[in-house]
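Read the structure below first, then the notes.
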Amino acid sequence: EAEVAQSPRYKITEKSQAVAFWCDPISGHATLYWYRQILGQGPELLVQFQDESVVDDSQLPKDRFSAERLKGVDSTLKIQPAELGDSAMYLCASSFPGGGETQYFGPGTRLLVL
Amino acid sequence: QQQVKQSPQSLIVQKGGISIINCAYENTAFDYFPWYQQFPGKGPALLIAIRPDVSEKKEGRFTISFNKSAKQFSLHIMDSQPGDSATYFCAASGGGSTLGRLYFGRGTQLTVWP
(Lines give C-alpha, C1' and ligand atoms only; values in the text may rest on other atoms or scores of the structure.)
Protein backbone atom coordinates (compact mmCIF):
# COMPACT_ATOMS: atom_id res chain seq x y z
CA GLU A 1 0.00 0.00 0.00
CA ALA A 2 1.37 3.41 -0.99
CA GLU A 3 2.27 5.72 1.87
CA VAL A 4 3.36 9.28 2.45
CA ALA A 5 7.02 9.32 3.46
CA GLN A 6 8.53 11.89 5.81
CA SER A 7 12.00 12.42 7.19
CA PRO A 8 13.47 12.81 9.65
CA ARG A 9 11.08 11.20 12.11
CA TYR A 10 12.58 13.11 15.04
CA LYS A 11 14.60 16.31 15.19
CA ILE A 12 16.12 18.05 18.18
CA THR A 13 17.57 21.49 17.60
CA GLU A 14 18.52 24.59 19.52
CA LYS A 15 16.61 27.81 19.12
CA SER A 16 17.87 30.10 16.36
CA GLN A 17 19.06 27.11 14.32
CA ALA A 18 17.63 26.15 10.93
CA VAL A 19 15.68 22.93 10.42
CA ALA A 20 14.22 21.27 7.34
CA PHE A 21 11.64 18.55 6.88
CA TRP A 22 11.08 16.46 3.78
CA CYS A 23 7.91 14.85 2.43
CA ASP A 24 7.32 12.48 -0.47
CA PRO A 25 3.59 12.15 -1.22
CA ILE A 26 1.76 9.17 -2.65
CA SER A 27 2.50 8.86 -6.35
CA GLY A 28 -0.08 10.67 -8.45
CA HIS A 29 -1.31 12.91 -5.66
CA ALA A 30 -1.14 16.45 -7.00
CA THR A 31 -2.21 18.08 -3.74
CA LEU A 32 0.20 18.22 -0.82
CA TYR A 33 -0.39 19.68 2.63
CA TRP A 34 1.85 20.54 5.55
CA TYR A 35 0.13 20.60 8.95
CA ARG A 36 1.44 21.43 12.40
CA GLN A 37 0.09 19.53 15.38
CA ILE A 38 0.79 20.87 18.84
CA LEU A 39 0.61 18.26 21.59
CA GLY A 40 -2.98 17.71 22.65
CA GLN A 41 -4.50 19.53 19.69
CA GLY A 42 -5.69 18.79 16.17
CA PRO A 43 -3.52 19.42 13.12
CA GLU A 44 -3.61 22.93 11.66
CA LEU A 45 -2.80 23.66 8.05
CA LEU A 46 0.42 25.56 7.34
CA VAL A 47 0.55 25.38 3.55
CA GLN A 48 -1.22 23.64 0.67
CA PHE A 49 0.28 22.93 -2.75
CA GLN A 50 -1.43 22.07 -6.00
CA ASP A 51 1.38 20.56 -8.09
CA GLU A 52 4.23 23.06 -7.61
CA SER A 53 2.00 26.04 -6.83
CA VAL A 54 1.06 27.30 -3.39
CA VAL A 55 -2.74 27.32 -3.02
CA ASP A 56 -3.01 28.40 0.61
CA ASP A 57 -0.24 29.66 2.88
CA SER A 58 -2.36 32.03 4.93
CA GLN A 59 -1.39 30.32 8.21
CA LEU A 60 2.31 29.98 7.43
CA PRO A 61 4.52 32.29 9.57
CA LYS A 62 6.38 33.62 6.58
CA ASP A 63 9.00 35.48 8.58
CA ARG A 64 10.58 32.18 9.58
CA PHE A 65 8.84 29.38 7.66
CA SER A 66 9.20 28.53 4.00
CA ALA A 67 7.94 25.66 1.87
CA GLU A 68 8.67 24.54 -1.64
CA ARG A 69 7.63 21.82 -4.05
CA LEU A 70 9.83 22.62 -7.00
CA LYS A 71 8.96 19.75 -9.32
CA GLY A 72 5.47 19.17 -8.05
CA VAL A 73 6.39 15.92 -6.34
CA ASP A 74 8.29 15.97 -3.04
CA SER A 75 8.33 18.97 -0.75
CA THR A 76 10.51 20.62 1.87
CA LEU A 77 9.39 22.71 4.83
CA LYS A 78 12.03 24.91 6.45
CA ILE A 79 12.15 26.88 9.68
CA GLN A 80 14.82 29.52 10.15
CA PRO A 81 15.40 30.47 12.89
CA ALA A 82 13.62 27.92 15.07
CA GLU A 83 11.92 29.16 18.23
CA LEU A 84 10.88 27.29 21.37
CA GLY A 85 7.23 27.57 20.36
CA ASP A 86 7.89 25.65 17.16
CA SER A 87 8.14 22.38 19.08
CA ALA A 88 5.39 20.23 17.58
CA MET A 89 4.64 17.39 15.19
CA TYR A 90 4.88 18.41 11.53
CA LEU A 91 2.62 16.31 9.36
CA CYS A 92 2.56 15.99 5.61
CA ALA A 93 -0.53 14.79 3.78
CA SER A 94 -1.43 14.25 0.15
CA SER A 95 -4.56 13.72 -1.88
CA PHE A 96 -5.98 13.80 -5.36
CA PRO A 97 -7.06 17.32 -6.38
CA GLY A 98 -10.41 18.68 -5.29
CA GLY A 99 -12.31 19.12 -2.09
CA GLY A 100 -13.62 16.13 -0.21
CA GLU A 101 -10.83 13.87 -1.29
CA THR A 102 -9.24 11.63 1.31
CA GLN A 103 -6.05 13.07 2.72
CA TYR A 104 -3.41 10.49 3.54
CA PHE A 105 -1.01 11.48 6.29
CA GLY A 106 2.60 10.55 6.77
CA PRO A 107 4.06 9.52 10.13
CA GLY A 108 5.17 13.07 10.89
CA THR A 109 8.37 14.70 12.12
CA ARG A 110 8.51 15.37 15.84
CA LEU A 111 10.46 18.60 16.41
CA LEU A 112 11.87 19.62 19.78
CA VAL A 113 13.45 23.05 20.05
CA LEU A 114 15.70 23.55 23.09
CA GLN B 1 -11.53 30.82 15.96
CA GLN B 2 -12.16 27.11 16.19
CA GLN B 3 -14.01 26.08 13.03
CA VAL B 4 -14.90 22.65 14.41
CA LYS B 5 -15.69 22.08 18.07
CA GLN B 6 -15.26 18.57 19.47
CA SER B 7 -16.32 16.97 22.75
CA PRO B 8 -15.55 15.33 25.04
CA GLN B 9 -11.82 15.89 25.41
CA SER B 10 -11.40 12.43 26.90
CA LEU B 11 -13.59 9.36 27.14
CA ILE B 12 -13.27 6.14 29.10
CA VAL B 13 -15.42 3.19 28.05
CA GLN B 14 -15.57 -0.41 29.09
CA LYS B 15 -14.91 -3.14 26.55
CA GLY B 16 -18.09 -3.88 24.65
CA GLY B 17 -19.60 -0.49 25.35
CA ILE B 18 -20.53 2.32 22.97
CA SER B 19 -18.22 5.29 22.49
CA ILE B 20 -19.80 8.53 21.30
CA ILE B 21 -17.87 11.62 20.20
CA ASN B 22 -19.60 14.80 19.11
CA CYS B 23 -18.62 17.65 16.80
CA ALA B 24 -20.22 20.92 15.75
CA TYR B 25 -19.39 23.37 12.99
CA GLU B 26 -20.49 26.82 11.88
CA ASN B 27 -19.43 27.15 8.25
CA THR B 28 -22.32 26.02 6.05
CA ALA B 29 -19.91 25.76 3.09
CA PHE B 30 -18.41 22.62 4.63
CA ASP B 31 -19.46 19.59 2.62
CA TYR B 32 -17.10 16.81 3.69
CA PHE B 33 -16.80 15.50 7.23
CA PRO B 34 -14.15 12.87 7.96
CA TRP B 35 -13.11 11.25 11.20
CA TYR B 36 -9.46 10.43 11.75
CA GLN B 37 -7.90 7.99 14.22
CA GLN B 38 -4.43 8.66 15.58
CA PHE B 39 -2.21 6.38 17.64
CA PRO B 40 0.72 7.80 19.65
CA GLY B 41 3.67 8.70 17.44
CA LYS B 42 1.71 8.11 14.23
CA GLY B 43 0.00 10.33 11.70
CA PRO B 44 -3.80 10.48 11.59
CA ALA B 45 -5.52 7.80 9.49
CA LEU B 46 -8.94 8.18 7.89
CA LEU B 47 -11.55 6.13 9.71
CA ILE B 48 -14.82 7.07 8.05
CA ALA B 49 -16.28 10.10 6.28
CA ILE B 50 -19.67 11.50 5.36
CA ARG B 51 -21.16 14.12 3.06
CA PRO B 52 -24.23 16.16 4.04
CA ASP B 53 -26.58 14.47 1.58
CA VAL B 54 -26.98 11.51 3.96
CA SER B 55 -27.82 11.46 7.67
CA GLU B 56 -25.91 8.33 8.59
CA LYS B 57 -23.05 6.21 7.36
CA LYS B 58 -21.96 2.90 8.83
CA GLU B 59 -18.75 0.96 8.30
CA GLY B 60 -18.41 -2.07 10.52
CA ARG B 61 -18.50 -0.96 14.15
CA PHE B 62 -18.15 2.72 13.23
CA THR B 63 -21.12 4.96 12.44
CA ILE B 64 -21.32 8.67 11.64
CA SER B 65 -24.59 10.45 12.41
CA PHE B 66 -25.05 13.79 10.66
CA ASN B 67 -27.56 16.52 11.48
CA LYS B 68 -27.36 19.22 8.83
CA SER B 69 -29.90 21.57 10.39
CA ALA B 70 -28.11 21.49 13.74
CA LYS B 71 -24.68 21.58 12.10
CA GLN B 72 -23.57 18.65 14.20
CA PHE B 73 -22.13 15.24 13.54
CA SER B 74 -21.02 12.41 15.76
CA LEU B 75 -19.00 9.21 15.73
CA HIS B 76 -20.38 6.08 17.37
CA ILE B 77 -18.11 3.13 18.04
CA MET B 78 -20.11 0.03 18.82
CA ASP B 79 -18.69 -2.87 20.82
CA SER B 80 -15.63 -0.79 21.73
CA GLN B 81 -12.38 -2.77 22.00
CA PRO B 82 -9.07 -2.05 23.76
CA GLY B 83 -7.48 -1.73 20.30
CA ASP B 84 -9.76 1.26 19.67
CA SER B 85 -7.88 3.21 22.33
CA ALA B 86 -6.53 6.20 20.40
CA THR B 87 -7.17 9.86 19.77
CA TYR B 88 -10.06 10.63 17.42
CA PHE B 89 -10.36 13.83 15.43
CA CYS B 90 -13.36 15.11 13.57
CA ALA B 91 -12.70 17.43 10.66
CA ALA B 92 -14.49 19.38 7.96
CA SER B 93 -13.67 20.82 4.59
CA GLY B 94 -15.54 22.69 1.90
CA GLY B 95 -15.36 24.45 -1.40
CA GLY B 96 -14.33 27.92 -2.40
CA SER B 97 -10.97 29.36 -1.50
CA THR B 98 -10.40 26.74 1.18
CA LEU B 99 -10.88 23.82 -1.21
CA GLY B 100 -9.49 20.68 0.33
CA ARG B 101 -8.24 22.29 3.53
CA LEU B 102 -9.26 20.25 6.57
CA TYR B 103 -10.28 22.00 9.78
CA PHE B 104 -9.77 19.65 12.71
CA GLY B 105 -11.37 19.49 16.12
CA ARG B 106 -9.14 19.38 19.18
CA GLY B 107 -9.44 15.61 19.49
CA THR B 108 -10.89 13.07 21.91
CA GLN B 109 -8.64 10.65 23.73
CA LEU B 110 -10.52 7.36 23.96
CA THR B 111 -9.51 4.68 26.46
CA VAL B 112 -11.26 1.32 26.34
CA TRP B 113 -10.77 -0.80 29.47
CA PRO B 114 -10.69 -4.57 29.06
Side-chain angles (χ1 to χ4, degrees), chain A residues 1-10 21 23-26 29-51 53-60 88-111, chain B residues 1-10 21 23-25 27 29-54 57 59 64 66 75 86-109:
Chain A
E1 182 176 299
E3 295 180 341
V4 176
Q6 288 189 250
S7 66
R9 294 293 311 278
Y10 304 93
F21 314 130
C23 172
D24 191 13
I26 293 173
H29 282 190
T31 308
L32 184 147
Y33 310 83
W34 283 102
Y35 289 87
R36 178 170 59 185
Q37 184 177 22
I38 296 170
L39 193 63
Q41 297 184 22
E44 292 185 333
L45 183 72
L46 290 173
V47 61
Q48 177 181 345
F49 288 92
Q50 182 66 36
D51 298 307
S53 300
V54 173
V55 174
D56 183 355
D57 63 355
S58 59
Q59 302 302 309
L60 188 71
M89 173 82 89
Y90 290 83
L91 293 161
C92 179
S94 70
S95 72
F96 288 110
E101 296 293 338
T102 301
Q103 292 185 26
Y104 296 87
F105 283 81
T109 296
R110 171 74 67 185
L111 173 66
Chain B
Q1 180 186 2
Q2 192 75 16
Q3 295 270 0
V4 178
K5 296 182 180 179
Q6 182 173 346
S7 64
Q9 187 174 349
S10 62
I21 305 171
C23 285
Y25 65 98
N27 190 341
F30 288 152
D31 59 5
Y32 175 67
F33 303 88
W35 284 88
Y36 280 81
Q37 180 188 56
Q38 186 176 30
F39 292 102
K42 305 289 185 181
L46 179 68
L47 192 62
I48 186 173
I50 197 169
R51 296 183 188 275
D53 53 343
V54 296
K57 183 175 181 180
E59 291 184 1
I64 299 178
F66 187 83
L75 176 69
T87 300
Y88 292 81
F89 294 95
C90 61
S93 70
S97 62
T98 63
L99 187 66
R101 172 180 178 175
L102 282 173
Y103 294 87
F104 284 85
R106 288 185 173 270
T108 297
Q109 188 168 349

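Numbers restart at 1 for each chain; the letters A, B, ... are given by sequence-line order, proteins then strands.
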Examine whether an atom of [X] lies under 4.5 Å from a heavy atom of chain A, and if so say whether it belongs to the side chain, the backbone or both; otherwise answer neither.
| X | value |
| --- | --- |
| B/Pro34 | neither |
| B/Phe33 | neither |
| B/Gln109 | neither |

Is [Y] close to [X] at the side-chain level, that is, under 4.5 Å between some pair of heavy atoms?
| X | Y | answer |
| --- | --- | --- |
| B/Arg101 | A/Ser58 | yes |
| A/Val54 | A/Leu60 | no |
| B/Phe104 | A/Gln37 | no |
| B/Leu102 | A/Tyr33 | no |

Can you say whether [X] sits under 4.5 Å from chain B via the side chain, the backbone, both, or neither, judging by heavy atoms?
| X | answer |
| --- | --- |
| A/Tyr35 | side chain |
| A/Gln59 | side chain |
| A/Glu44 | neither |

Do you know which of A/Pro43, A/Cys92, A/Ala93 has the most heavy-atom pairs with chain B at a distance under 4.5 angstrom?
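Greatest number of close heavy-atom pairs with chain B: A/Pro43.
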Please give me the minimum heavy-atom distance between B/Val4 and B/Cys90, naming the atom from each residue.
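Taking B/Val4 first and B/Cys90 second, the nearest heavy atoms are CG1-SG, 3.4 Å.
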Do the side-chain N and O atoms of A/Ser53 and A/Asp51 include a donor-acceptor pair separated by under 3.5 angstrom?
no
